[in-house]
Amino acid sequence: MKIAVVIPAYNETKTIADVVQRTLNFIDLVVVVNDCSVDDTAAQLQDSTAVVLNNEQNLGKAAALIKGFEYAMSQGVDAVITLDGDGQHKPEEIPRLIEFAAANPGAIGIAARRKNRSAAPPMRRFANAFADFWISWASGYPIADSQSGFRFYPVVLFESEFEVVSGAQGFVFESKILIEAAKRKIYSHSLPVDTIYRENARASHYRPFNDTAKIVIMVAAQLFRRGMYPIGLLRAIRWLPDPRGYSALESVKKGRPIKKQN
Ligand SMILES: Nc1nc2c(ncn2[C@@H]2O[C@H](COP(=O)(O)OP(=O)(O)OP(=O)(O)O)[C@@H](O)[C@H]2O)c(=O)[nH]1
Ligand SMILES: [Mg+2]
């Protein structure tokens with residue numbers, strides 16, 4: 001299976017070289033989309049074998065990802081893994097994610113930050129839980145860590161139905177693709193990974209109020225269009241069976257944070 005890794009990067013001078021180098025240990029085709037960073041992100045990648053695509057203006061995370069997918073598809077890949085350029089995702093988990101995806105063929109794999117959740121700032125945890133509820137409802141099944149940018153996407157999502165992601169801007173991308181995929185009966189499964197918040201990290205580009213509001217507006221529009229999709233809500237809260245075939249108990253277990261490290 002040919003896989004590319006796509007990394008959106010906006011002002012990641014501190015971390016990007018390390019993230020890319022570690023990713024190249026597992027995957028040869030690494031595509032970084034430098035979204036008109038105003039720091040040294042581009043210079044950090046000068047000696048790297050990664051493909052660097054530069055945007056002339058900042059277009060946001062969604063547009064950067066889509067540009068990366070288009071490039072990856074032009075190289076004939078079967079799947080794309082996305083991860084963030086800020087060091088919050090461990091490239092060393094890539095083999096686990098690929099194995100997990102192989103066990104769930106045709107599905108989206110989400111590396112879900114379910115371990116060590118207390119590492120995330122409380123506001124961010126609240127925003128994530130809030131987004132999870134809405135996105136699970138609109139997708140019609142419970143989703144753990146719907147905001148994770150560390151994912152495995154089968155390329156079929158972009159080939160046959162590229163509109164699956166059209167119109168998604170900025171941080172809405174991760175949510176929109178899950179909802180659109182679910183409409184086409186393509187579901188996601190969550191692989192638990194560590195929550196990593198580094199000290200001295202650059203300020204988050206995610207604005208908890210604004211970006212969460214944009215996600216909620218997109219989801220609310222989806223729900224209105226579908227008559228509030230009551231079946232989706234009942235499935236999301238596990239009152240109706242999980243369309244992925246999980247038992248109710250399995251479904252609860254797969255959504256819970258994991259306190260103990262393994
Ligand atoms: N291409 C592009 N990437 C962006 C933009 N904003 C953020 N990113 C990238 O998207 C990824 C996630 O951004 P973060 O600011 O870390 O957001 P987050 O991980 O959801 O939020 P935190 O949990 O606070 O870190 C990083 O790799 C960023 O470089 C943007 O405008 N353009
Ligand atoms: Mg981050």
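Because the structure is predicted, anything quoted here is derived from the model rather than measured. First listed ligand is number 1; within each ligand, the first listed atom is number 1.
Distances shorter than 4.0 angstrom occur between a heavy atom of Gly60 and an atom of ligand 1.
Contacts between Asn58 and ligand 1, counted as non-hydrogen atom pairs separated by less than 4.0 Å, involve the side chain only. Under 4.0 Å from ligand 1, the heavy atoms of Ala9 that appear belong solely to its backbone. Contacts of Arg202 with ligand 1, taken as heavy-atom pairs under 4.0 Å, involve the side chain alone.
Side chains of Ile94 and Phe152 form no contact here, defined as non-hydrogen atoms less than 4.5 Å apart. Using a 4.5 Å cut-off on side-chain heavy atoms (C-beta onward), Ile217 and Lys214 make no contact.
His89 places no side-chain N or O within donor-acceptor distance of the main-chain N or O of Leu83, the cut-off being under 3.5 Å.
The ring-ring contact (aromatic ring centres under 6.0 Å, His included) check on Tyr71 picks up nothing, with sequence neighbours excluded.
Looking at atom 12 (C) of ligand 1, its nearest protein heavy atom turns out to be Asp84 OD2, 3.3 Å. Atom 27 (O) of ligand 1 has Gly85 N, 2.7 Å as its closest protein atom, hydrogens excluded (heavy atom only). For atom 4 (C) of ligand 1, the closest non-hydrogen atom on the protein side is Tyr10 CB, 3.6 Å. Scanning the protein heavy atoms around atom 25 (O) of ligand 1, the nearest turns out to be Gln88 OE1, 2.8 Å.
For the residues Tyr197, Tyr206, Phe150, the heavy atom positioned nearest atom 23 (O) of ligand 1 is part of Tyr197. With distances taken over non-hydrogen atoms, the option nearest atom 21 (O) of ligand 1 out of Arg124, His89, His205 is Arg124.
Counting non-hydrogen atoms of other residues, nucleotides and ligands closer than 6.0 Å to CZ of Arg256 gives a total of 12 or fewer.
Looking at Lys253 and Glu250, no side-chain N of the basic residue comes within less than 4.0 Å of a carboxylate O on the acidic one, giving no salt bridge. Using a 4.0 Å cut-off between charged nitrogen and carboxylate oxygen, Asp145 and Arg113 count as a salt-bridge pair. Using a cutoff of 4.0 Å between basic side-chain nitrogens and carboxylate oxygens, Lys183 and Glu180 are scored as salt-bridged.
For a threshold of 3.5 Å applied to N or O pairs, the pair formed by Pro8 and ligand 1 contains at least one separation below that value. Geometrically, ligand 1 and Ala203 share no nitrogen or oxygen pair separated by less than 3.5 Å.
A donor-acceptor pair shorter than 3.5 Å cannot be found between the side chains of Asn116 and Asp194.
For Tyr141 and Tyr246, the gap between ring centers reaches or exceeds 6.0 Å.
Below 4.0 Å from some heavy atom of Ser204 lie the following atoms of ligand 1, by number and element: 15 (O), 21 (O), 22 (P), 24 (O). For ligand 1, the atoms sitting less than 4.0 Å from at least one non-hydrogen atom of Glu12 are 26 (C), 27 (O), 28 (C), 29 (O), numbered in the order shown with element in parentheses. Annotation for ligand 1: atoms under 4.0 Å from non-hydrogen atoms of Asp35 are 1 (N), 2 (C), 30 (C), 31 (O), 32 (N).
The minimum heavy-atom distance between Met218 and Ser175, with the atom names listed, is CE-CB, 3.7 Å.
Here the straight-line distance linking atom CG of Leu178 with atom CZ of Phe173 works out to 9.0 Å at 0.5 Å rounding.
Protein N/O/S atoms found under 2.8 Å from the Mg ion (ligand 2): Asp86 OD2, Gln88 OE1.
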